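These notes are about the structure you will find just below.
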Amino acid sequence: MSKVILVTGAGRGLGTDIAREALGAGHQVVATGRRPEQVEKTLGGPQDNLLAAKLDVASLTDAQAATQAAVDRFGRIDVLINNAGNLFTGYFEEISPAQMRQQFETNLFGPMNVTRAVLPLMRRQRAGHVITITSTAGLVGMEFTSAYAASKFAEEGWMESLRYDVEPYNIHTTVVEPGYFRTELLTDGSTTWPELSIDDYTPRTAPRIEGMKSMNGRQPGDPAKLARALLTIAGQDKPLQRFVAGADAIEAVEAKARELLAQAGASRELGGNLAYDDTHA
């Protein structure tokens, strides 16, 4: 069945693949980006089922305007795919406070802005689906990704809790944790390198940056296949609440699950009986 799908960050990378696959499947697509004319061109020009709308996710005003434009054109929004994001990478001490705030502004407050604009419509419809793309780094912390992982962990917590807020209104939520896919995340337009430099970290920083740059275009995951998988989830009567995407992501999450279980077991003796005991008051 055809749906109205709003995709953020549709001008490049995975967002373009999602919008293109959705159009090919017969859906009506609201493809958003900072330069809507470029988004439309990237997707093949004007089409009856395509609305290219301006949206900087950091702007709640933009989010509200894009939502209204979608309603004016297609009458509703069935699926919101929060895809837009960027990567501030580096060791924590070398990431400036301003960079850390920018990371959260895009990766956390950005999707919050768009979701805040769309949810009133979905509640009125008593139907909807919010899909938010986080990252394996939203579940597994890794070296050189403290800012990115922190924003994605926060995004995970928000989405996991949002599920309970909106379930009574027949609104579904799905969190997507991709591994390494051949998107444009590691290009200079999406990745920002550390602003500060500390001698202790210098021998490790340069090789890390070169390693990440060399990985661009060589990631194992196919973004078009991921886009098709997301559309499959959007079409499910009971959508997956969490989609771990890619063999590398599944392996990392399984290892984290084993680690958590082991740490919980190791904590049992020390932490399992910390209830208040009034005999010691």
Side-chain angles (χ1 to χ4, degrees), residues 82 85-97 99-112 115 130-168 171-181 185 194 196 198 200-201 203-205 207-208 211-212 219-221 233 238-281:
N82 285 312
N86 58 18
L87 168 61
F88 282 76
T89 190
Y91 294 108
F92 171 68
E93 287 186 280
E94 293 192 322
I95 296 171
S96 71
Q99 286 183 313
M100 185 67 78
R101 288 184 173 88
Q102 284 179 276
Q103 181 72 101
F104 273 76
E105 196 66 48
T106 300
N107 286 1
L108 178 63
F109 297 118
M112 283 184 171
T115 305
V130 178
I131 299 174
T132 296
I133 298 171
T134 65
S135 169
T136 306
L139 292 173
V140 182
M142 292 172 273
E143 185 180 356
F144 213 64
T145 62
S146 60
Y148 184 69
S151 69
K152 292 299 184 178
F153 265 73
E155 204 174 13
E156 288 271 337
W158 162 59
M159 280 295 295
E160 193 166 301
S161 299
L162 180 67
R163 167 194 165 194
Y164 299 101
D165 294 358
V166 300
E167 269 185 335
I171 301 171
H172 302 288
T173 63
T174 299
V175 185
V176 182
E177 294 105 354
Y180 287 108
F181 280 79
L185 184 62
L196 308 177
I198 296 173
D200 271 351
Y201 292 106
R204 298 162 66 195
T205 295
R208 277 281 169 182
M212 293 180 73
Q219 301 96 320
I233 292 170
K238 293 184 178 179
L240 286 174
Q241 294 169 5
R242 173 169 273 110
F243 175 40
V244 183
D248 57 335
I250 291 170
E251 182 179 347
V253 170
E254 287 177 337
K256 177 64 176 282
R258 290 192 294 269
E259 178 187 343
L260 285 173
L261 287 172
Q263 292 295 319
S267 300
R268 191 176 304 279
E269 182 177 349
L270 181 62
N273 188 26
L274 297 179
Y276 181 72
D277 183 353
D278 59 11
T279 62
H280 298 294

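This is a predicted model, so every value here is computed, not measured. The figures that follow rest on heavy atoms only: side chains count, while hydrogens, waters and symmetry mates do not. We're numbering straight along the sequence, starting at 1.
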Side chains of [X] and [Y]: closer than 4.5 Å at any heavy-atom pair?
{"X": "S135", "Y": "E177", "result": "no"}
{"X": "S146", "Y": "I95", "result": "yes"}
{"X": "L162", "Y": "T115", "result": "yes"}
{"X": "V166", "Y": "T173", "result": "yes"}

For Y91, all residues meeting ring pair (Phe, Tyr, Trp, His ring centres under 6.0 Å), sequence neighbours excluded: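 By the ring pair (Phe, Tyr, Trp, His ring centres under 6.0 Å) rule, Y91 matches F144, Y201.
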
Measure across [X] and [Y] and return the closest heavy-atom pair with its distance rounded to 0.1 Å.
{"X": "G179", "Y": "A249", "answer": "N-CB, 3.6 Å"}
{"X": "G90", "Y": "P194", "answer": "CA-CG, 4.1 Å"}
{"X": "T136", "Y": "P178", "answer": "OG1-O, 2.8 Å"}
{"X": "E156", "Y": "G138", "answer": "CG-O, 3.5 Å"}

Is a donor on one side and an acceptor on the other found under 3.5 Å between the side chain of [X] and the backbone of [Y]?
{"X": "K256", "Y": "L139", "value": "yes"}
{"X": "T145", "Y": "M142", "value": "yes"}
{"X": "Q103", "Y": "S151", "value": "no"}
{"X": "T134", "Y": "V176", "value": "yes"}
{"X": "T132", "Y": "V175", "value": "no"}
{"X": "S96", "Y": "Q99", "value": "yes"}
{"X": "D248", "Y": "Y180", "value": "yes"}

Evaluate whether atom CG of L260 has more than 12 neighbouring non-hydrogen atoms of other residues, nucleotides or ligands under 6.0 angstrom away.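 Counting other residues, nucleotides and ligands, CG of L260 exceeds 12 neighbours.
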
Measuring from atom [atom1] of [X] to atom [atom2] of [Y], what distance do you get when rounded to the nearest 0.5 angstrom?
{"X": "M112", "Y": "F104", "atom1": "CE", "atom2": "CZ", "answer": "10.0 Å"}
{"X": "I133", "Y": "E155", "atom1": "CD1", "atom2": "CD", "answer": "9.5 Å"}
{"X": "F88", "Y": "E105", "atom1": "CZ", "atom2": "CD", "answer": "10.5 Å"}
{"X": "N107", "Y": "Y148", "atom1": "CG", "atom2": "OH", "answer": "6.5 Å"}
{"X": "L240", "Y": "T174", "atom1": "CG", "atom2": "OG1", "answer": "6.5 Å"}

Pairing of E160 and R242 as salt bridge, 4.0 angstrom limit: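 Yes, this pair counts.
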
Classify the side-chain pair T205/E94 by whether it contains a donor and acceptor separated by less than 3.5 Å.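 A donor-acceptor contact under 3.5 Å links the two side chains.
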
Can you check salt bridge (Lys or Arg N to Asp or Glu O under 4.0 Å) on E143 and R204, steps first, answer last? CA-CA 10 Å; E143 185 180 356; R204 298 162 66 195; 3.0 Å; yes

Pairing residues for E167 by the side chain to side chain donor-acceptor pair (under 3.5 Å) criterion, not counting sequence neighbours: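 By the side chain to side chain donor-acceptor pair (under 3.5 Å) rule, E167 matches R163.
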
